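Heads up: the structure comes next, in structure tokens.
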Amino acid sequence: MRTQVCIIGAGPAGLLLGHLLRAEGVECVVLERRAADYVLSRIRAGVLERITVSLMERLGLDGRLKAEGLVEEGFNLADGERLIRIDIAKLTGQHVVVYGQTELTRDLMDAREDRGLEVIYEAEDATLHDIDGNAPFVTYRKDGAEHRVAARIVVGCDGFHGPSRQAVLSRGTEYQREYPFGWLGLLADVPPCHHELIYSHHDRGFALASMRSKTRSRYYIDVPLTEKVEDWSDDRVWDELARRLPDEAAGRIVRGPSLEKSIAPLRSYVFAPMRFGSLLLCGDAAHIVPPTGAKGLNLAASDVHYAAEALIGFFKRSDADAIAGYSDKALARVWKSERFSWSLTRLMHRFPEDGPFERAMQVAELDYIGSSRAAQTSIAENYVGLPV
Ligand code: FAS
Ligand code: PHB
């Protein structure tokens, strides 16, 4: 097969980029290792920044998002019983939208036939070749046969464990921090305990009360990395959430059977640069943030914005320099999101190595945030997403 852009990975980054390129008449094909149902079964992000919503609007695929997404004009930081509301609408004039990553991926998947986006699922062992030249290609196996996609550009949208970054790992620089805890997430068809998100810092640990709709809730608690999800019955999770959330919200928790329950490790990670010859990296293939700042999915969308701009310039306006600027542009925004996610994680979690002084600094910072419009504005503008 011959195309202009071969995209590896059909998660949000790969599908968003594929649709944007097709909409501008750039030929592309997306290779996905898993089956479509498997991709949809992964429960991930829940909060969309402006950049992510605007890409769906640009594609005309924002119908369900507008109908079902929940507009959130604020969120809350809790320290024990103290609730600090960050009024993002008043402080930034913007808002975020609560709409599950699963639903966004579904919208992008459902449109592929109509939009002529070719996505090849169950394409195994994708391997990158000749990415430093002008004629790279990707081989993969499907139905027992070996296939080859010749392209001018390859874009790795294959997530943290995909082959694209691995193909250039020795040629870039890794910046990383692994956190000494993970997040145990629970999804249940019960109404949320609060109409806005609550990030709670409690003596017992961190908790997050989020949602997917007015009838479906998403909760998290931080747990040591040694914990196994099978040791956490639903009741044990509900009990711990009730202890860690402020009494008012805890009193409104509606319990129900978990639809999904899993533990995700937390890490901050950046791989730079994000371009090597004819290979661009997008999304989790190039960086990971702790979910505390609700940035992961939105950073993938940010990279896609820059990658689409570069590739459309290159293929539709013969702008040979368009691709050269991709990595620096994308990384400038990646680093600011990494900083925000790291700082909010530091503020809202207990670290095993922390002593009384570190705890006092967290209390003082929450005191300051609670009393300073400037501090709340800084948090608000990072939470809704810095300008692209
Ligand atoms: P993805 O990992 O979503 O997609 C990569 C795709 O590439 C996958 O479909 C994979 O199957 C495919 N692939 C891998 N190897 C391949 C190969 N060899 N060949 C072909 N295809 C291959 N972000 C938030 O903003 N908020 C959150 O609350 C949040 N919670 C999260 C919870 C968990 C448990 C995890 C793991 C992540 C969470 N994230 C969250 C981050 C997450 O949403 C990612 O940022 C987002 O999925 C990034 O999208 P992609 O870059 O497309 O990567
Ligand atoms: C979620 O709803 O899954 C969610 C929301 C905000 C976060 C992380 C996860 O910061």
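For clarity, every value in this text was computed on a predicted model and none was experimentally measured. Counting starts at 1 for both ligands and their atoms, in listed order.
The L31 neighbourhood of ligand 1 comprises atoms 20 (C), 21 (N), with distances under 4.0 Å to a heavy atom of that residue. Near G162, meaning under 4.0 Å from one of its heavy atoms, ligand 1 places the atoms 15 (N). Annotation for ligand 1: atoms under 4.0 Å from non-hydrogen atoms of Q101 are 3 (O), 42 (C), 43 (O), 46 (C), 47 (O). Residue G159 has at least one heavy-atom neighbour below 4.0 Å for each of these atoms of ligand 1: 2 (O), 5 (C), 53 (O).
A donor and an acceptor atom, one from each side chain of S268 and Y179, are located under 3.5 Å apart. If you check the side chains of R212 and S217, you find no donor sitting under 3.5 Å from an acceptor. H19 and R112 share no side-chain donor-acceptor pair at under 3.5 Å.
Under 4.0 angstrom from ligand 1, the non-hydrogen atoms of I8 all belong to its side chain.
Among all non-hydrogen protein atoms, the one lying nearest atom 26 (N) of ligand 1 is A45 CB, 3.2 Å. Nearest protein neighbour of atom 41 (C) of ligand 1, counting heavy atoms only, is G296 CA, 4.1 Å. Nearest to atom 51 (O) of ligand 1 among the protein's heavy atoms is D284 N, 2.9 Å. When only non-hydrogen protein atoms are considered, atom 18 (N) of ligand 1 lies nearest to P163 CD, 3.2 Å. R44 NH1, 3.8 Å is the protein heavy atom nearest to atom 1 (P) of ligand 1. Given atom 9 (O) of ligand 1, the protein heavy atom at minimum distance is R42 NH2, 2.6 Å. Scanning the protein for heavy atoms near atom 5 (C) of ligand 1, the closest one is C157 O, 3.3 Å. Protein heavy atom in closest approach to atom 34 (C) of ligand 1: A264 CB, 3.5 Å.
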Q: Would you please test V26 and L311 for side-chain contact (heavy atoms from CB on, under 4.5 Å) and show each step?
A: CA-CA 8 Å; V26 177; L311 292 168; 5.6 Å; no
Q. side-chain contact (heavy atoms from CB on, under 4.5 Å) between W183 and L208: does it pass, once the steps are laid out?
A. CA-CA 9 Å; W183 277 17; L208 169 59; 3.8 Å; yes
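For ligand 1, the polar-atom distance check against H161 finds no nitrogen or oxygen pair separated by under 3.5 Å. Checked by distance only, ligand 1 and G283 stay at 3.5 Å or farther apart across all their nitrogen or oxygen atoms. Some N or O of L297 is nearer than 3.5 Å to an N or O of ligand 1, by distance alone. Considering backbone and side-chain N/O atoms, E32 comes within less than 3.5 Å of an N/O atom of ligand 1.
Salt bridge R359/D79: present, at least one basic N to carboxylate O contact under 4.0 Å.
Counting only residues at least two apart or on different chains, the ring-ring contact (aromatic ring centres under 6.0 Å, His included) pairs with a member in residues 119-173 are H129-F137, Y140-H147, F160-Y269.
Within a 6.0 Å sphere centred on CZ of R148, other residues, nucleotides and ligands contribute 12 heavy atoms or fewer. For CD of E248, the number of neighbouring non-hydrogen atoms (other residues, nucleotides, ligands) closer than 6.0 Å is 12 at most.
Between H349 and F181, the ring center distance clears the sub-6.0 Å criterion.
In this structure, R218 has no heavy atom closer than 4.0 Å to ligand 1.
In this comparison of I288, I263, V304, D158, the heavy atom closest to atom 7 (O) of ligand 1 sits on D158.
Considering only residues two or more places apart in sequence or on other chains, E260 meets the salt bridge (charged side-chain N to carboxylate O under 4.0 Å, His left out) condition with R218.
V289 has its side chain out of reach of L266: every pair of non-hydrogen atoms, C-beta onward, lies at least 4.5 Å apart. Between H201 and R350 the shortest side-chain heavy-atom distance falls below 4.5 Å.
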Can you give me every donor-acceptor pair (side chain of residues 300-310, partner residue at least two apart or in another chain, under 3.5 Å) with its distance?
{"residue": "S302", "atom": "OG", "partner": "R333", "partner atom": "NH1", "Å": "3.1"}
{"residue": "D303", "atom": "OD2", "partner": "G283", "partner atom": "N", "Å": "2.7"}
{"residue": "D303", "atom": "OD2", "partner": "H287", "partner atom": "NE2", "Å": "2.5"}
{"residue": "E309", "atom": "OE1", "partner": "K329", "partner atom": "NZ", "Å": "3.1"}

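In this structure, R236 satisfies the cation-pi test against W232, with its NZ or CZ atom closer than 6.0 Å to the six-membered ring centre and inside 45 degrees of the ring normal.
Within 4.0 Å of ligand 2, counting heavy atoms only, the contacting residues are R44, G46, V47, W183, L197, Y199, L208, S210, R212, R218, Y220, P291, T292, A294.
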